[in-house]
Amino acid sequence: MNLTSPFWSKLESSVDPSIRIGFSDSNDPRILEAIQILKDRKLVHPIPISNNIEAQKLSRYKDILRERQKRLSLSDEVINNQLSDSLYIGVCQLLENEIDGLVAGSLRPTSHVVKAAIQCIGPKPGVRLISGQFMIESPHQKTRDNTPFLFADCAVIPEPSPRALASVALSAAESYRFFTEQLPKVAFLSFSTRDSAQHPLVDRIKEALEITRKQDANLAVDGELQADAALDPEVALIKKANESKVAGQANVFIFPTLEAGNIAYKLVQRFSMARTAGPLLWGLGRPMSDLSRGCNVQEIIDTTLLVSMIAKRKE
């Protein structure tokens with residue numbers, strides 16, 4: 001597919017090469033290749049995270065992990081085990097401002113990355129839930145603004161309640177607006193459109209929509225919508241959703257469960273050779289992203305660029 005799309009070209013032109021991005025799985029050949037490309041193209045300042053730490057820093061990192069996880073009353077043995085892992089070292093470096101952002105996960109399950117992020121970094125002020133978001137751009141399906149689509153939550157919350165789904169939707173809208181500078185049009189996805197099916201799972205989506213609209217009356221958001229009705233205006237018309245400001249033109253998709261979202265993004269990615277970045281851990285107190293263990297080099301680069309943009313705006 002076209003690797004120099006307008007969105008990614010604009011993003012690359014606005015990066016700051018001084019932004020320091022740490023990579024916790026730096027023994028992965030894909031990470032090493034991505035680091036070299038990032039260096040050669042002067043997109044960011046990539047820093048491989050090493051397990052070899054001087055004693056003074058090691059002592060400081062122990063204090064950080066103990067303090068950040070004090071509610072868990074972890075033993076010294078657990079803390080020491082964490083500091084044998086480049087993921088936790090990277091988290092400490094992020095908290096100590098030794099790096100500006102962290103990319104992890106190419107060699108480990110998402111659950112490991114999310115656990116370290118939530119336990120040691122936690123959400124930024126005012127954020128209830130951290131969610132996992134993907135930016136996905138397909139050569140076969142475009143948004144009206146020629147931006148990638150945003151999928152959420154595909155990485156963090158297995159079975160979100162209606163209130164959690166609303167939180168995911170509001171965060172996804174914020175993220176889409178942040179990266180694209182375009183208006184988000186948010187679709188709560190389901191197996192039903194406009195009461196075509198009656199089921200408690202559909203009621204859950206309707207409740208999430210009601211909560212979302214109460215929290216942000218100006219947001220273009222709708223549901224329940226099937227994926228085809230969210231994407232295609234003709235299908236939206238057939239399914240009696242054509243009056244919607246979202247149906248047929250959605251650019252942000254909210255999945256009912258992590259299971260659905262994770263399966264969907266992987267199928268879209270593999271079937272359409274979509275360009276994919278993430279999962280971004282949106283809502284964390286510091287810029288950080290996971291990676292799929294199936295990621296390719298371009299995916300690592302693109303995810304790094306998104307993390308660097310969060311770090312740049314924070315400054």
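For reference, positions follow the sequence shown, starting with 1.
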### ILVMFWY cluster, V168 and I310 together (side-chain gap under 4.5 Å)
yes
### Task
Can you measure from CG (L38) to CD (Q36) and round to the nearest 0.5 angstrom?
9.5 Å
### Task
Taking R108 for its side chain and V113 for its backbone only, find out whether a donor-acceptor pair lies under 3.5 Å.
no
### Query
For Q56, does the CD atom sit with more than 12 other heavy atoms under 6.0 Å from it, leaving out its own atoms?
no
#### Entry: Name of the residue among L11, D16, I19 meeting side-chain contact (heavy atoms from CB on, under 4.5 Å) with M309
L11
### Worked check of salt bridge (charged side-chain N to carboxylate O under 4.0 Å, His left out) between R41 and E12
CA-CA 10 Å; R41 294 171 61 186; E12 288 190 18; 2.5 Å; yes
### Task
May I ask you to decide if E299's main-chain N or O and T303's side chain share a donor-acceptor pair within less than 3.5 Å?
yes
### Message
Whether the side chain of S171 engages the backbone of S167 through a donor-acceptor N/O pair (distance < 3.5 Å, no angle test) should be reported.
### Response
yes
### Query
Donor-acceptor pair, D25 side chain versus D28 backbone, under 3.5 Å?
no
### Query
Has the side chain of N251 got a donor or acceptor atom that lies under 3.5 Å from a matching backbone atom of K185?
yes
### Query
Can you tell me if CD on Q198 sees more than 12 non-hydrogen neighbours from other groups inside 6.0 Å?
yes
### Message
Is it the case that atom CZ in R270 sees more than 12 heavy atoms from other parts of the structure closer than 6.0 Å?
### Response
no
### Query
Got a sec: does the CG of L74 have more than 12 other heavy atoms crowding it under 6.0 Å?
yes
#### Entry: Crowding at NZ, K124 (>12 non-hydrogen neighbours, <6.0 Å)
yes
### Query
Can E210 and K206 be said to form a salt bridge (charged side-chain N to carboxylate O under 4.0 Å, His left out), step by step?
CA-CA 6 Å; E210 183 179 350; K206 291 179 180 179; over 6 Å; no
### Polar side-chain atom of Q69 near backbone of L65 as donor-acceptor pair, under 3.5 Å
yes
### Task
State whether the side chain of R30 and the backbone N or O of I300 hold a donor-acceptor pair below 3.5 Å, judged by distance alone.
no
#### Entry: Plane angle bin for F151 and F253 - parallel if under 30°, tilted between 30 and 60°, otherwise perpendicular
tilted
### Sidechain-backbone polar pair: E259 side chain, P158 backbone, donor-acceptor under 3.5 Å
no
#### Entry: Test log, rule salt bridge (charged side-chain N to carboxylate O under 4.0 Å, His left out), inputs R213 and D222
CA-CA 9 Å; R213 284 178 168 167; D222 203 355; 3.6 Å; yes
